[in-house]
Amino acid sequence: LRDSSVIAHEVPLPTLLFMGAKLAWAPSGNLLATCSRDKSVWVWEGESRSLQVDWEPPDTPLRVRDRVGSWVPFFFSPTVDEEDEYECVSVLNSHTQDVKHVVWHPSQELGLLSLFPQLLASASYDDTVKLYREEEDDWVCCATLEGHESTVWSLAFDPSGQRLASCSDDRTVRIWRQYLPGNEQGVACSGSDPSWKCICTLSGFHSRTIYDIAWCQLTGALATACGDDAIRVFQEDPNSDPQQPTFSLTAHLHQAHSQDVNCVAWNPKEPGLLASCSDDGEVAFWKYQRPEGL
């Protein structure tokens with residue numbers, strides 16, 4: 001951000017090729033993952049995590065449109081401790097093409113960090129998903145998820161952290177499930193590392209590339225952002241087999257935006273509140289209500 005009304009503390013990352021990079025904070029707050037067109041995933045560790053966000057009336061507002069049609073200006077001024085330092089603790093070169101997305105497993109939020117180590121997932125132009133875990137003083141790739149036929153654009157864990165959703169240029173959404181060693185289903189695992197298996201594929205719903213996916217931690221609803229200008233919401237069918245779940249399309253906003261929808265995000269506190277952004281330069285807010293019976 002280079003607007004004069006925004007104050008930002010910059011941490012130089014001189015050797016990382018940040019073209020098209022994505023960022024993700026770990027739930028613990030002390031790790032930051034970055035990814036880039038240079039095919040790598042970097043893990044950064046911060047010695048201090050002080051951040052304050054102040055909201056003030058803007059001089060030059062960024063305009064956000066709500067669904068009523070009103071323009072809502074907003075502004076933020078983050079201040080970070082000048083002594084904050086971030087050190088790159090690992091560079092992961094497991095992908096063979098651009099890395100499009102990184103996301104952390106919600107183990108810290110679920111209070112499971114003592115049972116399961118922090119887990120990081122990445123999506124790539126090489127059509128795969130990679131999973132990483134910390135091993136001693138480094139990070140290693142512990143699983144590769146294959147199945148998509150084109151670029152994997154985004155990832156999202158479900159509220160339990162046991163399932164991972166991926167979306168792709170092949171116009172499908174895949175649901176992957178984690179199986180721990182010694183699982184009752186007999187899914188083979190390598191040593192102490194869990195295995196991930198595709199248990200559901202949502203196909204035939206999208207007509208163009210699916211750029212983003214978001215799994216609501218409050219309602220379990222799964223939202224997608226698509227290149228056909230639409231937003232779709234899926235809900236898991238009640239009483240479906242956990243090993244072979246089925247999902248129903250419960251909402252389809254055909255013209256959510258006038259151009260490609262790039263990103264969707266659920267509000268972590270208010271159930272059903274969804275935000276979206278698009279190539280049309282607008283941010284929109286939506287209120288989703290789960291259908292009765294689901």
_Could you walk me through whether I175 and R177 satisfy the side-chain contact (heavy atoms from CB on, under 4.5 Å) test, starting with their C-alpha distance in whole Å, then the side-chain angles of each, then the deciding distance to 0.1 Å, before giving a yes or no?_
CA-CA 7 Å; I175 309 296; R177 183 180 179 86; over 6 Å; no
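- Using a 4.5 Å heavy-atom threshold, the side chains of F157 and V103 count as touching.
- Put simply, the side chain of Q97 does not reach to within 4.5 Å of the side chain of R37, judged on heavy atoms.
- Counting non-hydrogen atoms of neighbouring residues, nucleotides and ligands closer than 6.0 angstrom, the CG atom of D137 reaches no more than 12 such neighbours.
- Using a 4.5 Å cut-off on side-chain heavy atoms (C-beta onward), L222 and V233 make no contact.
- Residues D169 and T151 have side chains that never bring a donor and an acceptor to within less than 3.5 angstrom of each other.
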*For side-chain contact (heavy atoms from CB on, under 4.5 Å), just list the numbers for S248 and F234, CA-CA rounded to whole Å, side-chain angles, deciding distance to a tenth of an Å, and then say yes or no.*
CA-CA 5 Å; S248 295; F234 299 86; over 6 Å; no
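- The 12-atom threshold is not exceeded at CD of Q244, counting heavy atoms of other residues, nucleotides or ligands nearer than 6.0 Å.
- Listed here is the closest heavy atom pair of Q259 and D229: C-OD1, 2.8 Å.
- Using modelled atom types and a 3.5 Å distance limit, the side chains of H101 and S122 yield no donor-acceptor pair.
- Closest heavy-atom contact between H95 and S124: ND1-CB, 3.1 Å.
- Side chains of W25 and L31 form no contact here, defined as non-hydrogen atoms less than 4.5 Å apart.
- The shortest non-hydrogen separation linking W176 to S166 is NE1-OG, 2.9 Å.
- In plain terms, the two heavy atoms of S168 and S150 that are nearest each other are OG-O, 3.2 Å.
- Considering every non-hydrogen atom in both Y288 and A221, the closest pair reads CE2-CB, 3.8 Å.
- Ion pair D158/R163 flagged as a salt bridge, since at least one NZ, NE, NH1 or NH2 atom sits closer than 4.0 Å to an Asp/Glu carboxylate oxygen.
- Counting heavy atoms from C-beta on, the side chains of V152 and D170 never come closer than 4.5 Å.
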*Under the side-chain contact (heavy atoms from CB on, under 4.5 Å) rule, what do W286 and I231 come out as? Steps first, then yes or no, please.*
CA-CA 10 Å; W286 311 85; I231 294 172; 3.5 Å; yes
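- Contact of the I210 side chain with the V173 side chain is registered, since non-hydrogen atoms from C-beta on lie closer than 4.5 Å.
- Remark: the backbone N or O of N262 is not paired with any side-chain donor or acceptor of D260 at under 3.5 angstrom.
- Atom-to-atom distance recorded for H252:NE2 and C226:SG is 8.0 Å, nearest 0.5 angstrom.
- Connection of L164 to I199 is not established within any shared hydrophobic cluster, with ILVMFWY side chains joined at heavy-atom distances below 4.5 Å, either directly or through further cluster members.
- Distance CG/L253 to CG/L274: 8.5 Å, rounded to 0.5 Å.
- For the pair Q118 (side chain) and P106 (backbone), a donor-acceptor distance under 3.5 Å is absent.
- Counted by atom type alone, K130 and T144 present one or more donor-acceptor pairs between their side chains at under 3.5 Å.
- Side-chain atoms of W44 and T34 form a donor-acceptor pair, as typed in the model, at a separation below 3.5 Å.
- The environment of Q185 atom CD is dense: over 12 non-hydrogen atoms of other residues, nucleotides or ligands sit within 6.0 angstrom.
- Considering SG of C216 and CG of L273, their distance stands at 9.5 Å, rounded to 0.5 Å.
- S154 and D212 are linked by a side-chain donor-acceptor pair at a separation below 3.5 angstrom, with hydrogens and angles left out of the test.
- Formation of a donor-acceptor pair under 3.5 Å by the W104 side chain with backbone atoms of A24 is found in this model.
- Side-chain contact, D127 with H148: no donor N or O sits under 3.5 Å from an acceptor N or O.
- Open room surrounds OH on Y125; 12 or fewer heavy atoms of other groups in view lie less than 6.0 Å from it.
- Between the side chains of E236 and T246, not a single donor N or O lies within less than 3.5 Å of an accepting N or O.
- Ion pairing between D228 and R232 holds under the 4.0 Å rule for side-chain N and carboxylate O.
- C263 contributes atom SG, which lies 12.0 Å from atom CD1 of I213 (distance to the nearest 0.5 angstrom).
- Minimum heavy-atom separation, K39 to D98: CG-N, 4.2 Å.
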*Take W196 and Q162, measure what side-chain contact (heavy atoms from CB on, under 4.5 Å) needs, and give me the verdict at the end.*
CA-CA 9 Å; W196 291 80; Q162 296 181 359; over 6 Å; no
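- L120 is not listed as a side-chain neighbour of H105, based on a closest heavy-atom distance of 4.5 Å or more.
- Under a hydrophobic-cluster definition in which Ile, Leu, Val, Met, Phe, Trp and Tyr are linked whenever side-chain heavy atoms come within less than 4.5 Å, directly or via other members, V140 and V41 are assigned to different clusters.
- No continuous path of hydrophobic side-chain contacts links L249 to V264 [ILVMFWY only; heavy atoms under 4.5 Å].
- A distance below 6.0 Å separates the ring centres of W153 and Y211.
- Looking only at side-chain heavy atoms (C-beta outward), L155 and V129 come within less than 4.5 Å of each other.
- Between atom CG of residue N183 and atom NZ of residue K197 there is a gap of 9.5 Å, rounded to the nearest 0.5 Å.
- Residue C167 holds its SG atom at 13.0 Å from CZ of R174, rounded to the nearest 0.5 Å.
- Remark: side-chain polar atoms of N267 are paired, donor with acceptor, to backbone N or O of E270 under 3.5 angstrom.
- Side-chain contact of Y179 with Q243: a donor-acceptor pair under 3.5 Å is present, judged by distance alone.
- Taken together through direct or relayed side-chain contacts under 4.5 Å among Ile, Leu, Val, Met, Phe, Trp and Tyr, L32 and V91 form part of one hydrophobic cluster.
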